[in-house]
Amino acid sequence: MIHPPIPPRVFVVASAVEVRAILSILPAPETPGAPCIALLSPADAGCFMGPAWWRALLAETGATLPAFLDCGTAAGRAAEALGLGLRHIVLHGTGRQAETIHHLAHTLDAACLPGRPPHCVVGPAPSPERLRAYIAGTNGPPIRP
């Protein structure tokens with residue numbers, strides 16, 4: 001199974017405040033050398049918040065970055081996310097259901113990661129300096145595998 005490359009900087013976000021904090025520090029997309037980043041929901045958020053919540057959060061903030069919804073091991077929630085038009089999901093586990101979701105994602109030109117990538121948790125009181133340092137690669141923590 002081929003998985004798409006994961007952007008080198010991934011931010012875990014759980015609210016519009018956190019998404020907007022990330023968007024506010026990014027240069028315009030057409031800027032040469034603009035950083036390649038992605039958003040990631042909290043662990044298993046697809047299970048307890050649901051795919052519609054993630055889609056609404058992205059729509060409310062106008063985020064157009066790759067934004068991965070972590071569906072835990074819930075293949076049904078992952079299928080629901082794909083059905084709602086989300087094109088970046090995380091589905092843990094193996095077996096026939098996971099294989100089916102990965103195949104479905106592939107047919108929809110969606111990215112389905114088998115696990116959470118290394119990431120930085122934004123948190124409820126985002127520090128622009130800390131976020132910029134993470135994008136620049138000049139800090140060690142708070143990256144989480």
Side-chain angles (χ1 to χ4, degrees), residues 2-93 97-98 100-145:
I2 298 173
H3 298 286
I6 300 167
R9 299 291 182 244
V10 178
F11 290 96
V12 173
V13 293
S15 71
V17 168
E18 295 171 8
V19 174
R20 287 187 184 108
I22 298 300
L23 298 177
S24 73
I25 64 165
L26 295 178
E30 63 276 358
T31 304
C36 183
I37 72 164
L39 304 176
L40 175 65
S41 74
D44 301 327
C47 297
F48 63 87
M49 295 298 288
W53 160 78
W54 188 243
R55 187 174 77 165
L57 176 64
L58 299 175
E60 176 186 343
T61 59
T64 59
L65 302 166
F68 290 86
L69 174 64
D70 187 333
C71 296
T73 58
R77 286 298 205 168
E80 179 184 355
L82 293 170
L84 287 174
L86 297 174
R87 292 297 174 253
H88 299 89
I89 58 174
V90 177
L91 179 64
H92 307 262
Q97 288 183 337
T100 299
I101 296 302
H102 283 277
H103 179 70
L104 176 61
H106 177 74
T107 62
L108 295 170
D109 283 333
C112 183
L113 302 179
R116 292 173 70 77
H119 56 271
C120 172
V121 177
V122 174
S127 160
E129 294 78 22
R130 183 177 70 89
L131 301 177
R132 283 188 191 98
Y134 177 67
I135 289 174
T138 57
N139 67 334
I143 299 171
R144 303 234 165 67

Review point. Step by step, would you call Glu80 with Cys71 a side chain to side chain contact (heavy atoms under 4.5 Å, CB included)?
Key: CA-CA 10 Å; Glu80 179 184 355; Cys71 296; over 6 Å; no
Review point. Just wondering, are more than 12 heavy atoms of other shown residues or ligands nearer than 6.0 Å to CD in Gln97?
Key: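 No, not enclosed.
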Check your understanding: Counting only heavy atoms not in Arg20, do more than 12 fall under 6.0 Å of its CZ?
Key ->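 Atom CZ in Arg20 is packed in, count exceeds 12.
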At what distance, to the nearest 0.5 angstrom, does [atom1] of [X] lie from [atom2] of [Y]?
{"X": "Ile22", "Y": "Cys120", "atom1": "CD1", "atom2": "SG", "result": "7.0 Å"}
{"X": "Leu113", "Y": "Leu40", "atom1": "CG", "atom2": "CG", "result": "8.5 Å"}
{"X": "Leu26", "Y": "Leu131", "atom1": "CG", "atom2": "CG", "result": "9.5 Å"}
{"X": "Glu18", "Y": "Leu39", "atom1": "CD", "atom2": "CG", "result": "10.5 Å"}

Search all heavy atoms of [X] against all heavy atoms of [Y] and return the closest pair with its distance.
{"X": "Phe48", "Y": "Ala43", "value": "CE2-O, 3.3 Å"}
{"X": "Val10", "Y": "Pro118", "value": "CB-O, 3.6 Å"}
{"X": "Leu82", "Y": "Ala110", "value": "CD2-CB, 3.7 Å"}
{"X": "Ile89", "Y": "Ala81", "value": "CG2-CB, 3.9 Å"}
{"X": "Leu23", "Y": "Thr61", "value": "CD1-O, 3.6 Å"}
{"X": "Ile101", "Y": "Ala79", "value": "CD1-CB, 3.7 Å"}

Minimum side-chain heavy-atom gap [X]-[Y] below 4.5 Å:
{"X": "Val19", "Y": "Leu65", "result": "no"}
{"X": "Arg87", "Y": "Asp109", "result": "no"}
{"X": "Pro51", "Y": "Arg77", "result": "yes"}
{"X": "Trp54", "Y": "Val13", "result": "yes"}

Practice item. From the options Arg116, His119, His88, select the one residue that forms a side chain to side chain contact (heavy atoms under 4.5 Å, CB included) with Phe68. Key: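 Going through the options one by one, the only one that passes is His88.
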Practice item. Show your working on side chain to side chain contact (heavy atoms under 4.5 Å, CB included) between Val12 and Asp70 and close with a plain yes or no. Key: CA-CA 10 Å; Val12 173; Asp70 187 333; over 6 Å; no
